[in-house]
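Structure first, then comments.
Order of the sequence lines sets the chain letters (A, B, ...), proteins ahead of strands, with each chain counted from 1.
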2 protein chains.
Amino acid sequence: MADKVTSFDVARLAGVSQSAVSRVFTPGASASAATRDKVTKAAEELGYRPNTLARAMITGKSRVIGVVVAYLENQFYPMALEYLDRALKERGYHILLFMAQNDGNVGQIVEELMSYQVDGIITASVDMSNDIAKRCDDAGIPVVMFNRGQETGTLAQVTSNNIEGGRTVAHFLASGGHRKIAHVSGWQGSSTGLDRMRGFVDGLKDHGVEPVAIEDGRYSQDDAAIIARKLCGTSDRPDAIFVGNDHMAFAVMDCLRFELGLSVPEDVSIVGYDDVPIAAWPAYDLTTIRQPINKMVTATVEILLARIEQGAASERIQIPGPLKIRGSARKPKGFST
Amino acid sequence: MADKVTSFDVARLAGVSQSAVSRVFTPGASASAATRDKVTKAAEELGYRPNTLARAMITGKSRVIGVVVAYLENQFYPMALEYLDRALKERGYHILLFMAQNDGNVGQIVEELMSYQVDGIITASVDMSNDIAKRCDDAGIPVVMFNRGQETGTLAQVTSNNIEGGRTVAHFLASGGHRKIAHVSGWQGSSTGLDRMRGFVDGLKDHGVEPVAIEDGRYSQDDAAIIARKLCGTSDRPDAIFVGNDHMAFAVMDCLRFELGLSVPEDVSIVGYDDVPIAAWPAYDLTTIRQPINKMVTATVEILLARIEQGAASERIQIPGPLKIRGSARKPKGFST
DNA sequence: ATGAAAGCGCTAACAT
DNA sequence: ATGTTAGCGCTTTCAT
């Protein structure tokens, strides 16, 4: 018993034309106070709300943004989603959600994205970001990649400064007197994973230190735990590990503490990347690079809507992420970034 | 550029009528192999995809489900979202996401849900579930409340058996020899919070035990920590605490261990509710009632789509949640539910 | 400022 | 099996 109320019904009741009703409900349109009043009353009485779909068909704007995410178990993603929704809602847009399965059917997602007439797309750290982004971009739908980039190319992207972040961690760890330093990297098929690693290795070099091990944790807790076990299961273990994101860092810490009986940071210092809320929980108290998620989201939305609404060009933005020092890693005396 | 390709363009190129094109892209429609072939080729060539919006306008079905969630920081929600998306996608539906801010503008959300012509709505443990649900239901849009219910009423809802869950915890704790048992409840303005509490108190009564304290944690980590501090800051502390959900339980454990210097479970046993993935992390190793999220989601989608597609009646379902015994609470010898 | 009329891209009778 | 013809509910010229 519902939404069968159309602008015609309202028009009839208000004693005006249907287009008058439309005007009253269209932000920029002109209508006399009298008309406006009659229409508003009639609409109220009938419980009328404009059909967004019909409007979208005509204007060619759905005011819907397709957001593609994967693996919500890593707290970084739900946080991004929450901020994204807030920023988008402020501008009058809504999120149509797409979960990229790991066995990712990129083709299908792209099809669906397009058939729903989304005005734009945000891919959030999805493995196949590049793939999806390129195809949608080719199809003329504005895309921006959130927290993932590509080495070369012109697609819009927003990341933190991963290279600089990795370098900062290196500096911090080396200054703390660590010399046997390992790295459980983020997925080496991703720009983020690669950049953090490169910056880290580079930064270490500045201190004349070479990492004792680098292993690809692929952003998986299971993989990270396995690596931690291997790395620290011998007496020849590293005295510090930089882990490619917080999500893996938690698994690494748990493995060291509860499986290997080691202390963090006394036996091994751990540093992560992201600064998700859990990192601040006392059980982990993780020293980590803070990805300024709020700023990143704001920039993402800004860029995307500029493209959609003003046809602006694709931008590629990097936002610096400061080191958040907590208790999971030995602190250098008088450390400064 | 892009998506300006319509079924007419395809029709022209394929040398058939526009409706022939429509039929080829409509699952149940009839078209000869020849036509189907020509159309498919032409469509391919032009990069045509049907406009879902236009289709939705005619059929009156958008194949979009509005999902209202809040507070993604509690891992239970993102998990629900992930399962929901999977189950819905399987049936050809998509999720339009609505974040309910705490300062919740229920009215606006309802407006938006309706104007987007969603076929149905799922509210996931949102504070104002009842409010939103009732209004949408009144408007004729099928709604099911996920993990939240109402005492009386006919709105569709899916929860775990919270009363039974609370009772199970009581039985477990009492059997473990605990006698000074406290409860940090879920929000007492919610059915889930209330039911778990009631079941718990009831179950304790069976053992002739009365809770030493019951405080409303309102599903907030901050509130829970404050309560834990108050409860366990004295020598007269409880020897066990049942916390209304895992999310709060983590905060309680952290407070006891890192602030108060207590041991869990040696000094105080902790039991939670939900069994989110983090509960299994060694740092917490939380004994908790497992909300069978997968089954709950399946049921939710089932009920909703039955209403949408077959006009079925609203169902109210409760799914039993077993106790998952881990290490955060002393184990009774030979315990059986 | 307002009404009439022409579609947006598609599906669903209705014919053939 | 296929084409023709109405619309779905709305925005947007175009007159008035």
Side-chain angles (χ1 to χ4, degrees), chain A residues 2-40 42-43 46-64 92 111 114-119 139-140, chain B residues 2-40 42-43 46-64 92 111 114-119 139-140:
Chain A
D3 230 3
K4 293 282 71 172
V5 192
T6 77
S7 53
F8 273 98
D9 302 324
V10 177
R12 196 174 316 121
L13 180 62
V16 298
S17 77
Q18 180 271 332
S19 21
V21 177
S22 172
R23 289 192 183 96
V24 171
F25 282 92
T26 303
S30 60
S32 69
T35 306
R36 182 154 259 125
D37 216 59
K38 285 188 290 186
V39 169
T40 311
L46 297 176
Y48 167 77
R49 33 218 72 282
N51 183 328
T52 306
L53 265 41
R55 173 177 291 175
M57 263 196 50
I58 295 178
T59 62
K61 262 83 197 55
S62 63
R63 300 201 78 84
V64 168
E111 298 275 289
M114 307 208 348
S115 83
Y116 270 100
Q117 310 297 111
V118 298
D119 290 345
Chain B
D3 228 3
K4 292 281 69 168
V5 192
T6 76
S7 53
F8 273 96
D9 302 324
V10 178
R12 196 174 315 121
L13 180 63
V16 300
S17 77
Q18 180 273 332
S19 27
V21 176
S22 172
R23 289 195 183 96
V24 170
F25 282 92
T26 304
S30 59
S32 70
T35 306
R36 182 155 259 126
D37 216 58
K38 286 187 289 184
V39 169
T40 310
L46 297 176
Y48 167 78
R49 29 220 73 281
N51 184 327
T52 306
L53 266 41
R55 173 179 291 176
M57 263 195 50
I58 295 178
T59 61
K61 264 81 199 53
S62 63
R63 300 199 79 83
V64 168
E111 297 276 291
M114 307 208 346
S115 82
Y116 270 99
Q117 311 297 111
V118 298
D119 290 345

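Remark: A/S19 is not in phosphate contact with C/dG3, judged by side-chain N or O atoms under 4.0 Å from OP1 or OP2. A sub-4.0 Å separation between OP1 or OP2 of D/dC10 and a side-chain N or O of A/S7 is present. Between B/R55 and C/dC10, a side-chain N or O to OP1/OP2 separation shorter than 4.0 Å is absent. A sub-4.0 Å separation between OP1 or OP2 of C/dG3 and a side-chain N or O of A/S17 is present. The side chain of A/K4 places an N or O atom within less than 4.0 Å of a non-bridging phosphate oxygen (OP1 or OP2) of D/dG9. Regarding contacts with the backbone of D/dC10, every side-chain N or O of A/T59 stays at 4.0 angstrom or more from both OP1 and OP2.
Of the candidates D/dT11, C/dC10, D/dC10, D/dC10 carries the atom nearest the A/Y48 side chain, counting heavy atoms from C-beta on. Side chain of A/T35, nearest nucleotide from C/dC10, C/dT11, C/dA1: C/dA1. Closest contact between the side chain of B/A54 and the listed nucleotides D/dT12, C/dC10, C/dT2 involves C/dC10.
The nearest whole Å value for the distance from the CZ atom in A/F25 to the C1' atom in D/dT12 is 18 Å. B/D9 has its CG atom 13 Å from the C1' atom of C/dC8, to the nearest Å. When rounded to the nearest whole Å, the span between CE of A/M114 and P of C/dG9 equals 14 Å. The NZ atom of B/K38 sits 15 Å away from the P atom of D/dA1 (whole-angstrom rounding). Put simply, CZ on A/R23 is 10 Å from C1' on D/dT13, counting in whole angstrom units. One interatomic measurement links the two molecules: CD1 of A/I58 to P of D/dC8, which rounds to 13 Å at whole-angstrom precision. Rounded to an integer number of Å, the gap from B/N51 CG to C/dT11 P is 9 Å. Between the CE atom of B/M57 and the P atom of D/dC8 there is a distance of 8 Å, rounded to whole Å.
Nearer to the 5' terminus of DNA chain D, by closest-nucleotide assignment, is the contact made by B/A31 (compared with the other of A/Q18 and B/A31). Between B/R36 and A/F8, the residue anchored nearer the 5' end of DNA chain D, judged by the nucleotide with its closest heavy atom, is B/R36.
Identified under the salt bridge (Lys or Arg N to Asp or Glu O under 4.0 Å) test for residues 10-26 of chain A, with sequence neighbours left out: A/D9-A/R12.
In the model, B/S32 has a side-chain atom that pairs as donor or acceptor with a side-chain atom of B/T35 under 3.5 Å. A donor-acceptor contact under 3.5 angstrom links the side chains of B/Q18 and B/S7, judged on distance only.
As judged by a 4.0 angstrom heavy-atom cut-off over every strand, B/V16 is placed among residues touching the sugar-phosphate backbone only. Using a 4.0 Å heavy-atom cutoff across all strands shown, B/S32 reaches sugar-phosphate atoms only and no base atom. Within the nucleic acid shown, A/S30 comes within 4.0 Å of at least one base atom, counting heavy atoms only.
A donor-acceptor contact shorter than 3.5 Å is absent between the side chain of B/S19 and the backbone of B/S22. No donor-acceptor distance shorter than 3.5 angstrom exists from the side chain of A/S115 to the backbone of B/R49, with no hydrogens or angles considered.
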Might you work through the side chain to side chain contact (heavy atoms under 4.5 Å, CB included) test for B/F25 and B/V39, ending with a clear yes or no?
-> CA-CA 9 Å; B/F25 282 92; B/V39 169; 4.0 Å; yes
